[in-house]
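For reference, the structure is listed below as structure tokens.
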Amino acid sequence: MKKFIPIEEGDFYLTPEGYRCFTEQYHLKRGYCCESGCRHCPYGYNKATNSIKK
């Protein structure tokens with residue numbers, strides 16, 4: 001079961017299209033990579049190669 005992470009100020013911003021874009025701050029707080037190719041992934045995941053740079 002995944003842990004509930006409360007959303008705080010600075011965890012996301014709205015894109016011009018109206019989508020929520022999570023920041024590096026939120027990803028680090030979550031503690032793992034979801035392997036979705038997130039724009040601000042601090043774990044170095046590359047969706048094209050399906051690998052994480054260490």
Subject >> Polar contact flag, side-chain donor to acceptor under 3.5 angstrom, His27-Tyr45 >> reply: no
Subject >> Distance, nearest 0.5 Å, that separates CD1 of Ile52 from CD of Glu35 >> reply: 5.0 Å
Original post:
Taking all non-hydrogen atoms of both residues, which atom of Gly10 and which atom of Thr23 are closest, and how far apart?
Top reply: O-OG1, 2.7 Å
Subject >> Atom pair CZ (Arg30) and OH (Tyr43), whose distance is rounded to the nearest 0.5 Å >> reply: 7.0 Å
**OP:** For the residue pair Glu17 and Thr15, confirm or rule out a side-chain donor-acceptor distance under 3.5 Å.
**Re:** yes
Original post:
Roughly how far, to the nearest 0.5 Å, is CD of Glu24 from SG of Cys38?
Top reply: 12.0 Å
Original post:
So does Lys47 have more than 12 non-hydrogen atoms from other groups sitting under 6.0 Å from NZ?
Top reply: no
**OP:** Give the minimum heavy-atom separation between Lys29 and Asp11, together with the two atoms involved.
**Re:** NZ-OD2, 2.6 Å
Subject >> Distance, nearest 0.5 Å, that separates CZ of Arg39 from OH of Tyr19 >> reply: 11.5 Å
Original post:
For the hydrophobic clusters of this structure (ILVMFWY residues joined by side-chain heavy atoms under 4.5 Å, transitively), does one cluster hold both Tyr13 and Ile7?
Top reply: no
Original post:
At what distance, to the nearest 0.5 angstrom, does SG of Cys21 lie from OH of Tyr26?
Top reply: 12.5 Å
